[in-house]
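Data first, discussion second: the structure below is written as structure tokens.
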Number of protein chains: 2
Amino acid sequence: MSEPIAWEPVPRSRTFELVLARIEEQILTGNLRVGDRLPPERELVELLGVSRAAVREALRVLEAQGALRPRVGTGPASGSVIAAMPSAGLTQFLRLHMALAHFPFADVVEARATLERASARLAAAQASPEHLSTMRDRLERMDDAALSREEFNDCDTEFHAAIAEAGGNRLMADMTIAVRNAVRHTLLKVFHGLDDWEATAARLRSEHHAIYNAVAAGDSERAGDLTEAHIRGFHHDLVYSVLDESESGAGA
Amino acid sequence: MSEPIAWEPVPRSRTFELVLARIEEQILTGNLRVGDRLPPERELVELLGVSRAAVREALRVLEAQGALRPRVGTGPASGSVIAAMPSAGLTQFLRLHMALAHFPFADVVEARATLERASARLAAAQASPEHLSTMRDRLERMDDAALSREEFNDCDTEFHAAIAEAGGNRLMADMTIAVRNAVRHTLLKVFHGLDDWEATAARLRSEHHAIYNAVAAGDSERAGDLTEAHIRGFHHDLVYSVLDESESGAGA
DNA sequence: TTTGGGGGCTTGGTCAGACCATTGATTGGG
DNA sequence: CCCAATCAATGGTCTGACCAAGCCCCCAAA
């Protein structure tokens, strides 16, 4: 007994956590798969012997994580259906925590550079014609000078998302997309704060085309390098000059 | 009207979502910061004009995302306190979705290789003496041959987590740690399925020491390369041979 | 004056029961 | 045979109550 005993506080298990654990157990063991329907809330109440409020709070958590899609009414698509929508949940999550943790914007840039560099390399190695077509479509849309900055920003996001998805790695694609989406508002603010929007747009277009060409040519090294340079360069040259002292922390 | 109009379904806003939006708004605008206390549930009920169930469901979501820490009772630490615990929420999230999406294990390996390679490079560039000390401690613990496989696995995780944190990028560190934690169970199963545990442990120890030396020496290139090789090599040589046909999908 | 204990208040946790809104299926009439 | 009214199932919401955990404060005893 010479060591001071670290009395771990016994975790106060709340009812909804037990419910959540039961459902997650079914998911982790594979008994519940995407597309399966959970028993109706009232039935879970009977099965588990808890109140409906407890069941609903557990379901709410799963829904927030993008693992559940609730639908009222009757019929085959009704009820609580197991889903797999990681991007949505992850985006929400990152947005919140970037505001909370005040991630320095440089950290986000570093994360994007890392993830998207890897995604681009994967994409160059194995992009399908369909993915390349999606990327081309976004490029063409961004070539339209009449595009608003919002629309340009969205196309930009979709272009990067298409690259991430072309890599064929859903986990990395979801993380990439979520991080990009989480800074959407901030980037939009930057776009609006630019003195010479057209010059910036032209630069981005040119860099995007270069990245696309490298991916389409299957040149992993070049695609990765260009993507990383694209992200770092854009932020270094533009974002900081606009945000400077006002918002060096996380974007809202 | 030649184009088929895409009638976006109007989003059925549920009450708890409105409550959630209000609270998130306060967080995103910076009005609510880490450590601040939310009004008590009953007070939010009055302020927002909704039922307590709706308030509670919204709070539950925030809690699941690691942004809230509920505490009963009175006093300075009581009530719903804004927190920032991304790793916990992210780990839960990834665990769930790896089971749901059946991320091929190779995808997880790719993500780890990408994230940890970058983390190691950052760590080599700017690890503090404290971080290096933590890493050394974990290395020494893993040198203990009497360690159980569970304990070894945890030390292994903590070693990698220390590298990630030494890089000074919280976002990347949290993602790295979460991905590593999400496969904890799977790796443990692999450890237990090995024929020659001691040989494997010896190999891991040696690779860990090499990585540490590179980080401590400030050799970013080498640290990154060794880390990536460590992760890819381990999984290529060992994980697949154990999991093979039984669990080529996501780990539970 | 100090110390110890106990009551009470605040706060989150849980429950029961009711009603509403949406949506697909059923059924009956034209 | 088809269409419309009706019904039933399901998630969404609300009310009101009680429980349990903790802190605060006051009072009695030393």
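Below, read A as the first sequence line, B as the second, and so on, with proteins coming before strands; counting in each chain starts at 1.
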_Salt-bridge contact A:Arg60-A:Glu57 (side-chain N to carboxylate O under 4.0 Å)_ = no

*Identify whether any heavy atom of B:Gly75 sits under 4.0 Å from a base atom; if not, whether one sits that close to sugar-phosphate; answer base, sugar-phosphate or nothing.*
sugar-phosphate

*Which one of A:Glu116, A:Arg180, A:Arg138, A:Glu165 satisfies the side-chain hydrogen bond (donor to acceptor under 3.5 Å, both in side chains) criterion with A:His160?*
A:Glu116

_Validation row: B:Arg14, A:Pro70 side chains within 4.5 angstrom (heavy atoms)_ = yes

*Give the rounded distance in Å between these two atoms: CZ of B:Phe16 and P of D:dT13.*
7 Å

*Is the base of D:dG11 touched by the side chain of A:Arg42 through a donor-acceptor pair closer than 3.5 angstrom?*
yes

_Pairwise side-chain contact, A:Glu151 with A:Arg141, heavy-atom cut-off 4.5 Å (strictly under)_ = no

*Does the side chain of B:Thr15 reach to within under 4.5 Å of the side chain of B:Leu48, using non-hydrogen atoms?*
no

*asked:* Can you give me the closest heavy-atom contact between B:Met142 and B:Cys155, atom names plus distance?
replied: CG-CB, 3.5 Å

*asked:* Distance check needed: D:dA9 C1' versus A:Leu44 CG, whole Å only.
replied: 15 Å

Strictly under 3.5 Å: I want the nitrogen or oxygen pairs between protein and nucleotides 15-17 of chain C, one per line.
| from | atom 1 | to | atom 2 | distance (Å) |
| --- | --- | --- | --- | --- |
| C:dC15 | OP2 | A:Ser51 | N | 3.1 |
| C:dC15 | OP2 | A:Ser51 | OG | 3.1 |

*Does A:Ser80 have any side-chain contact (heavy atoms from CB on, under 4.5 Å) partners at least two apart in sequence or in another chain, and if so, which?*
A:Leu38, A:Leu59, A:Leu68

*Residue whose nearest DNA chain C nucleotide is more 5′ - A:Arg71 or B:Leu59*: B:Leu59

*Mind listing the residues from residues 77-86 of chain B sitting with a heavy atom below 4.0 Å of DNA chain C? Number order is fine.*
B:Gly79, B:Ser80

*How many Å lie between CZ on B:Arg14 and P on D:dC14, as a whole number?*
13 Å

*Results of side-chain contact (heavy atoms from CB on, under 4.5 Å) for A:Ala53 - residues two or more places apart only*: A:Ser51

*Separation of D:dG12 C1' from B:Glu57 CD (nearest whole Å)*: 8 Å

*Does a side-chain N or O from B:Arg56 land closer than 4.0 Å to OP1 or OP2 of C:dG13, or not?*
yes

_From C:dG12, D:dC24, D:dG11, nucleotide with atom closest to A:Pro40 side chain_ = D:dG11

*For the pair made of CD in A:Glu17 and P in C:dT14, what is the distance, rounded to whole Å?*
8 Å

*Please tell me if the side chains of A:Asn31 and A:Glu25 come closer than 4.5 Å, counting only heavy atoms from C-beta onward.*
no

*When all nucleic acid strands are considered with a 4.0 Å heavy-atom cut-off, which category describes B:Arg37: base, sugar-phosphate, or nothing?*
nothing

*Which residues pass the side-chain contact (heavy atoms from CB on, under 4.5 Å) test with A:Arg42, sequence neighbours left out?*
A:Arg52

*Could you tell me the separation between the CZ atom of A:Arg69 and the P atom of D:dG12, rounded to a whole number of Å?*
11 Å

*How does protein reach along nucleotides 3-8 of chain D, written 5' to 3' as B (base within reach of a heavy atom under 4.0 Å), S (only sugar-phosphate), or - (no contact)?*
------

*Would you mind classifying the nucleic acid contact of B:Arg60 as base, sugar-phosphate or nothing, using non-hydrogen atoms under 4.0 angstrom?*
sugar-phosphate

